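A quick write-up on the structure given underneath.
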Amino acid sequence: MQDGARIEYDYSIAKLFTFATILFGIIGLTLGVVLAFQLAFPELNHLAGEYGTFSRLRPLHTNGVAFGFTLSGIFATWYYVGQRVLKVSLKESPFLLAIGKLHFIVYFITILLAVVTLFAGITTSKEYAELEWPLDILIVVFWVLWGIGIFGLIGIRRERTLYISIWYYIACFIAVAMLHLFNSLEVPTMLVSGYGSWIHSVSMYAGSNDALVQWWYGHNAVAFVFTTPIIAMIYYFLPKESGQNVYSYKLSILAFWGLMFVYLWAGGHHLVYSTVPDWMQTMGSVMSVVLILPSWGSAINMLLTMKGEWQQLQTNTLIKFMVLASTFYMLSTIEGPIQSIKSVNAIAHFTDWIPGHVHDGVLGWVVFMIMAALFHMAPRMYGREIYSKSLLDTQFWLQTTGIVLYFTSMWIAGITQGMMWRAYDEYGSLVYSFIDTVTVLHPYYTIRAVGGLLYLIGFFMFAYNMYKTATAGRVLDKEPVNASPVAA
Amino acid sequence: MFHWFEQRPFFFSVLLFIFVAFAGIVEVIPDFAKQSRPTVGTKPYSLLELAGRHVYIKDSCNACHSQLIRPFKSETDRYGMYSLSGEYAYDRPFLWGSKRTGPDLMRVGNYRTTDWHENHMLEPASVVPGSIMPAYPHMFTNMADLDTAYAEAFTVKTVFNTPYDIDLDGDGKVDVELGDYETAIAKAKEEAKAIAADMKNQAVKDAVANGQVPQIVALIAYLNSLK
């Protein structure tokens, strides 16, 4: 069955997750902009009592973007891509369709509860694993449901060989399951003692061990939420949209298995100069540098897919989104290893260069790729043309400007602060008090906030364009083969 | 060789799991027991301190303040002796943080007073001009959750053998007393009175006199214990 058009795919679940992606994207990014402005203008902390302070909103922002926006995007694209590359429709299995719907419901409830509990200050304090134990269990439930969906669909596939994208989705599923289970091991205190709050728990690990497990998890949540599923997307959507074959199969294999083997080691770079054993810190540093190879392997494979077809950058805005995403992936995966080198880490750690690094990765790579994927899916899911090309182009440039303002200001802020912390005068005394190193950052914090605001405006354009595409785009008489149709 | 796996999803997933899990097995598991051995003099948190730690976590103080002093002269000059693994032996969870928007707090008990913390939490810029920290006035009116703190202390004592009610240093006295629920709560309230004595806020003093423990009192007890 060579012609995908003959199978009638079911997009009901992909549409639900598309809605969730946009909703949580707006919430997560808006919170991010609020946080950025709070750092520049601290008075803004007091608009909503204890619920509006930076400290309460910060975990909401990270969870909103990582597990609200990004996971929704991963699930939306899975329920679209999975059927197509396995050549089987969800319609053929009422069971898998029901599991998929249940997956969405449990997922959505979990995220809503996450918002409520984090607002209330219920948190385990572990970064990107802040949710308390009842929510951890809900996460396991929807993750297992997704697993049934993945392997169920693979079980009834017509295409014998698993396409590259499927490898990466499976990697996301297996690795996140392992990381979440081990990092979230905790003992609910009420069950043991009979006193206190039922939602409170205490970590299974103490001190340095807890830190080790947390960063083994924390770094690799980046690997298996922000990296591998996004690579899955670009390996499907870039060849589809451009009509080009993936540049090299061998490079795909090398990059995939290399990434799987090396990525988990790199978590140690969060603990350089901490109290975990030296050899672990060194392994973390070294493996982070080795990680450049598989990361750039994938990125180069994507960019070379456009070989001989670069003129499409001028004609197709979605190609522009995807090429920019790959480029930012390369930037971010060279920046990370540089920060892992011990001497650089000594300056960069604890400074704004770190959020700068995270954000050029997430804004430039993850969000751009997910938006491009959803734009590609929209004409096929709704049978309509993308509503507006000018909106698409404006969004692209607005957001690109936003990212550049964000990461340049944070690089300068981070290195400035790192150098000021360690500055000594001629008599061997520290030159700056801590607050000196904070007030000097005000202009950079302001620039960052403006950059974030531009990006957010662009995201609203994306949301509006998607909404109009679904409701008012010109109806297509047949499914587009490659380039997605956009109204002039 | 990998091509074979691409047509066999089960074996593909098994191979993938081995690749992914390998690093964790080598990196995380060794030294696990050694890491958690306490340094001489490290004690578990008292009930009031634990309740304060919960306030610290609830308002995500760790989002902006680290508790990890790196072995650099610029850090030991600024904050004190660099961190040792065993000092964290009773920290569940660890609170090292990943970003210093404000200074490190690992040994803040050595150089800040109850009075300073009180002012700082109510109006940060009053003690540090230019501070961008939010104010936390709600900590003066919200009460600390001693019950949950007791639940946690009881749990770590029972499940992880955290040495409450034990003579750690061999001087014939129990170092950190927990006891049963009533004893523990009563003792925490006594400790709270000692903290409140150094505070100015009349409402807080009144509350403590009436047997209540505002969050600020517990939080200050915790911050004072960081040495």
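Chain identifiers are assigned alphabetically (A, B, ...) following the order of the sequence lines, protein sequences preceding nucleic acid strands; residue numbering begins at 1 within each chain. Keep in mind it's a predicted model, so treat the numbers as computed, not measured. These values consider heavy atoms only, across backbone and side chains, with no hydrogens, waters or symmetry-generated copies.
Looking only at heavy-atom pairs under 4.5 Å with chain A, the residue among B:M133, B:E75, B:H54 that has the most is B:H54. Annotation: maximal heavy-atom pairing with chain A below 4.5 Å, among B:F160, B:Y181, B:F154, occurs at B:Y181. Ranked by non-hydrogen atom pairs under 4.5 Å with chain A, the options B:A135, B:C61, B:P124, B:G97 are led by B:A135. Options B:I18, B:V156, B:I69, B:T101 differ in how many heavy-atom pairs under 4.5 Å they form with chain A, and the most are formed by B:T101. The residue among B:Y150, B:F94, B:F17 with the most heavy atom pairs within less than 4.5 Å of chain A is B:F94. Heavy-atom pairs under 4.5 Å with chain A were tallied for B:Y82, B:Y136, B:Y90; the largest tally goes to B:Y136.
If you measure heavy-atom distances from A:Y445 to chain B, the contacts under 4.5 Å come from the side chain alone. Proximity to chain B is limited to the side chain of A:M178, based on heavy atoms less than 4.5 angstrom apart. Both the backbone and the side chain of A:W257 come within contact range of chain B, judged by heavy atoms closer than 4.5 Å. In this structure, the portion of A:L271 lying under 4.5 Å from any heavy atom of chain B is its side chain and not its backbone. Proximity to chain B is absent for every atom of A:S429, based on heavy atoms less than 4.5 angstrom apart. In this structure, chain B has heavy atoms under 4.5 Å from both the backbone and the side chain of A:D210. Proximity to chain B (any heavy atom under 4.5 Å) is shown, for A:F173, by neither the backbone nor the side chain. For A:E50, the parts lying under 4.5 angstrom from a heavy atom of chain B are both the backbone and the side chain. For A:W421, the parts lying under 4.5 angstrom from a heavy atom of chain B are both the backbone and the side chain.
Of the candidates A:F256, A:F224, A:Y163, A:F256 is the only one forming a ring-ring contact (aromatic ring centres under 6.0 Å, His included) with A:Y168.
A cation-pi arrangement is not found for B:R92 relative to A:Y205, the charged atom failing to lie both closer than 6.0 Å to the ring centre and inside a 45° cone about the ring normal.
A donor-acceptor contact shorter than 3.5 Å is absent between the side chain of A:S184 and the backbone of A:L181.
Side chains of B:I57 and B:L95 form a contact here, defined as non-hydrogen atoms less than 4.5 Å apart.
Under a 4.0 Å N-O distance rule, the pair B:K157/B:E152 does not qualify as a salt bridge. Using a cutoff of 4.0 Å between basic side-chain nitrogens and carboxylate oxygens, B:E177 and B:K187 are not scored as salt-bridged. Taking a cutoff of 4.0 Å between a charged side-chain nitrogen and a carboxylate oxygen, B:D104 and B:R78 do not qualify as a salt bridge.
When ring centroids are compared, B:H65 and B:Y56 stay outside the 6.0 Å threshold.
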